[in-house]
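Notes to accompany the following structure.
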Amino acid sequence: MTAGARRTPSEPGDVLIPVVRTITQAQVEAYADAAGDHNPIHLDPDFAEKTPFGRRIAHGMLTLAMVSEMLTSAYPDRWAAGGRLKVRFRGPVFPGEAVETFGEVTRVNDSDGLRVAEIAIGVRKEDGSDVITGQAYVPVDGE
Amino acid sequence: MQLQDLQSGHEFPAERLVISADDAEAYALAVGDESAHPSERVPAMAVIAAGLSRFISHLGLADGSVEVVHASQEVSFHRPVSPGEPIEIRAVLKSNAERQGSRFATVEMSFVDVSGAQVAESSSLIIVNAS
């Protein structure tokens, strides 16, 4: 199955439709207010300049929200009711950078009588570097 | 409350979390999720984000005195949360150790509805460096 198809991704090799977005500083500031995370590494240019990143970075949970959006679109009834994920944040996203989620079903397991899709997930920059990588698990019976 | 003073296994006081429809909409707008229906259900990750933000804030990790990096995240969702629905956050400091000048802390959170049923669980690893 290729991106853009409408069948629920439930077999190995099935690809989820990516979410593509350019993260802006305005978005970071809106997220800080909405999520209640006002860590200055995201908001204060003077503070951020003194960190190893050298400038402000987007919240990891803001970038991870794109993955959750992708999974919600692929599994509208199951992601928020039985889905789980495990990810590592591998690098920062700087405001102004474009990022894209990815997701591909790598196997389908039987768990307590349910078919559960294991999905390689993540977020990647335009230069090909991964900023988030991990796995998601979503029950696919009944989708 | 300072992170370095807490032992692994420390249980934080339970907290009440209510995400209104307006809060959910603000979150969906901020993350750019145009497919969300925040008036019907809270975007799944908004619940986890709100819990983690509270933990970081309570420990004084968002005041600029330290540098905090989010290293990894695990999440399980059991059911969607409705706007305005009261949720209780139960958080435990699963691990808390200093290595090579950095502090590595894992906080596990359970999000529970008024009936006592879990709606979501999370585990977050954060790394704290003196700024």
Side-chain angles (χ1 to χ4, degrees), chain A residues 19 21-24 26-44 46-48 50-53 57 59-73 76-90 92 132-138, chain B residues 17 19 22-38 41-58 61-81 119-129 131:
Chain A
V19 173
R21 202 156 286 149
T22 297
I23 305 292
T24 67
Q27 187 179 6
V28 170
E29 289 168 13
Y31 180 85
D33 289 337
D37 184 346
H38 294 93
N39 189 320
I41 201 167
H42 308 298
L43 304 172
D44 183 342
D46 295 331
F47 179 89
K50 297 176 187 130
T51 71
F53 302 116
I57 62 173
H59 303 74
M61 292 296 285
L62 167 56
T63 313
L64 186 59
M66 294 172 58
V67 175
S68 188
E69 179 182 343
M70 173 182 70
L71 290 161
T72 300
S73 295
D77 296 324
R78 290 302 185 99
W79 170 238
R84 61 190 174 95
L85 64 71
K86 180 176 184 177
V87 297
R88 289 185 62 185
F89 297 97
R90 297 191 171 276
I132 294 176
T133 59
Q135 287 80 39
Y137 305 86
V138 185
Chain B
L17 171 68
I19 299 178
D22 287 346
D23 295 339
E25 184 172 1
Y27 176 90
L29 283 171
V31 302
D33 186 353
E34 296 177 358
S35 66
H37 302 285
R41 61 165 65 174
V42 175
M45 205 59 77
V47 178
I48 310 300
L52 181 60
S53 295
R54 287 192 180 194
F55 167 78
I56 288 174
S57 179
H58 288 338
L61 301 178
D63 62 3
S65 61
V66 293
E67 173 198 318
V68 181
V69 176
H70 193 175
S72 68
Q73 183 68 48
E74 296 181 37
V75 172
S76 297
F77 297 115
H78 301 293
R79 72 159 175 83
V81 172
V119 297
E121 302 165 76
S122 73
S123 177
S124 310
L125 171 62
I126 60 171
I127 303 172
V128 181
N129 302 305
S131 63

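The analysis underlying the following values was restricted to heavy atoms, covering all of them including side chains, and did not include hydrogens, waters or symmetry mates. Letters A, B, ... are given to chains in the order of the sequence lines, protein chains preceding strands, and every chain is numbered from 1.
- Expressed to the nearest 0.5 Å, how far NE2 of B:H70 lies from OG1 of A:T63 amounts to 11.0 Å.
- Note that CD1 of B:I127 is 11.5 Å distant from CZ of A:F89, once rounded to the nearest 0.5 Å.
- You'll find the side chain of A:R84 stays beyond 4.5 Å of the side chain of B:V75, heavy atoms only.
- Note: B:S72 OG to A:I132 CD1 = 11.5 Å, rounded to the nearest 0.5 Å.
- How far CD1 of B:I48 is from OG of A:S68: 9.0 Å, rounded to the nearest 0.5 Å.
- The greatest number of non-hydrogen atom pairs below 4.5 Å with chain B, out of A:G83, A:G134, A:A136, A:A32, is found for A:G83.
- Using a 4.5 Å cut-off between heavy atoms, A:R88 contacts chain B through both its backbone and its side chain.
- Side chain of A:Q27 to main chain of B:A30: a donor-acceptor pair is present (N/O by atom type, distance under 3.5 Å, no hydrogens or angles).
- Neither the backbone nor the side chain of B:V47 comes within contact range of chain A; no heavy atoms are under 4.5 Å apart.
- Heavy-atom pairs under 4.5 Å with chain A peak, among B:L29, B:V68, B:D23, B:I56, at B:V68.
- When heavy atoms are compared at a cutoff of 4.5 Å, A:T72 does not approach chain B at all.
- Counting heavy-atom pairs under 4.5 Å between each of B:A50, B:A120, B:P80, B:A26 and chain A puts B:P80 at the top.
- Counting heavy atoms from C-beta outward, A:P52 and B:E67 have side chains that approach closer than 4.5 Å.
- In terms of heavy-atom pairs under 4.5 Å with chain A, the best-connected choice from B:P43, B:A46, B:G32 is B:G32.
- B:H78 touches chain A through its backbone: at least one of N, CA, C or O sits under 4.5 Å from a heavy atom, while the side chain does not.
- Of all non-hydrogen atoms in A:P76 and B:R41, the two that sit nearest each other are O-NH1, 3.4 Å.
- There is no contact between A:Y137 and chain B, counting heavy-atom distances below 4.5 Å.
- For the atom pair B:Y27 OH and A:D33 CG, the distance stands at 14.0 Å (nearest 0.5 Å).
- Heavy-atom pairs under 4.5 Å with chain B peak, among A:A34, A:A81, A:G60, A:P92, at A:A81.
- Shortest non-hydrogen contact noted between A:E69 and B:E34 is OE2-N, 4.4 Å.
- Between chain B and the options A:A80, A:A30, A:P40, A:A65, the largest number of non-hydrogen pairs under 4.5 Å is found for A:A80.
- Of the two parts of B:L61, only the backbone, made up of N, CA, C and O, holds a non-hydrogen atom closer than 4.5 Å to a non-hydrogen atom of chain A.
- Per-residue heavy-atom pair counts under 4.5 Å with chain B were compared for A:V19, A:T24, A:N39, and the maximum is reached by A:N39.
- No part of B:R54 comes within reach of chain A, as not one of its non-hydrogen atoms sits under 4.5 angstrom from that chain.
- Of the two parts of B:A71, only the backbone, made up of N, CA, C and O, holds a non-hydrogen atom closer than 4.5 Å to a non-hydrogen atom of chain A.
- Listed here is the closest heavy atom pair of B:V66 and A:F47: O-CZ, 3.4 Å.
- Between B:V31 and A:M66, every side-chain heavy-atom pair lies at or beyond the 4.5 Å cut-off.
- Per-residue counts of heavy-atom pairs under 4.5 Å with chain A were compared for B:S76, B:A44, B:S123; the largest is that of B:S76.
- In this structure, CD on B:Q73 lies 7.5 Å from CG on A:L85, to the nearest 0.5 angstrom.
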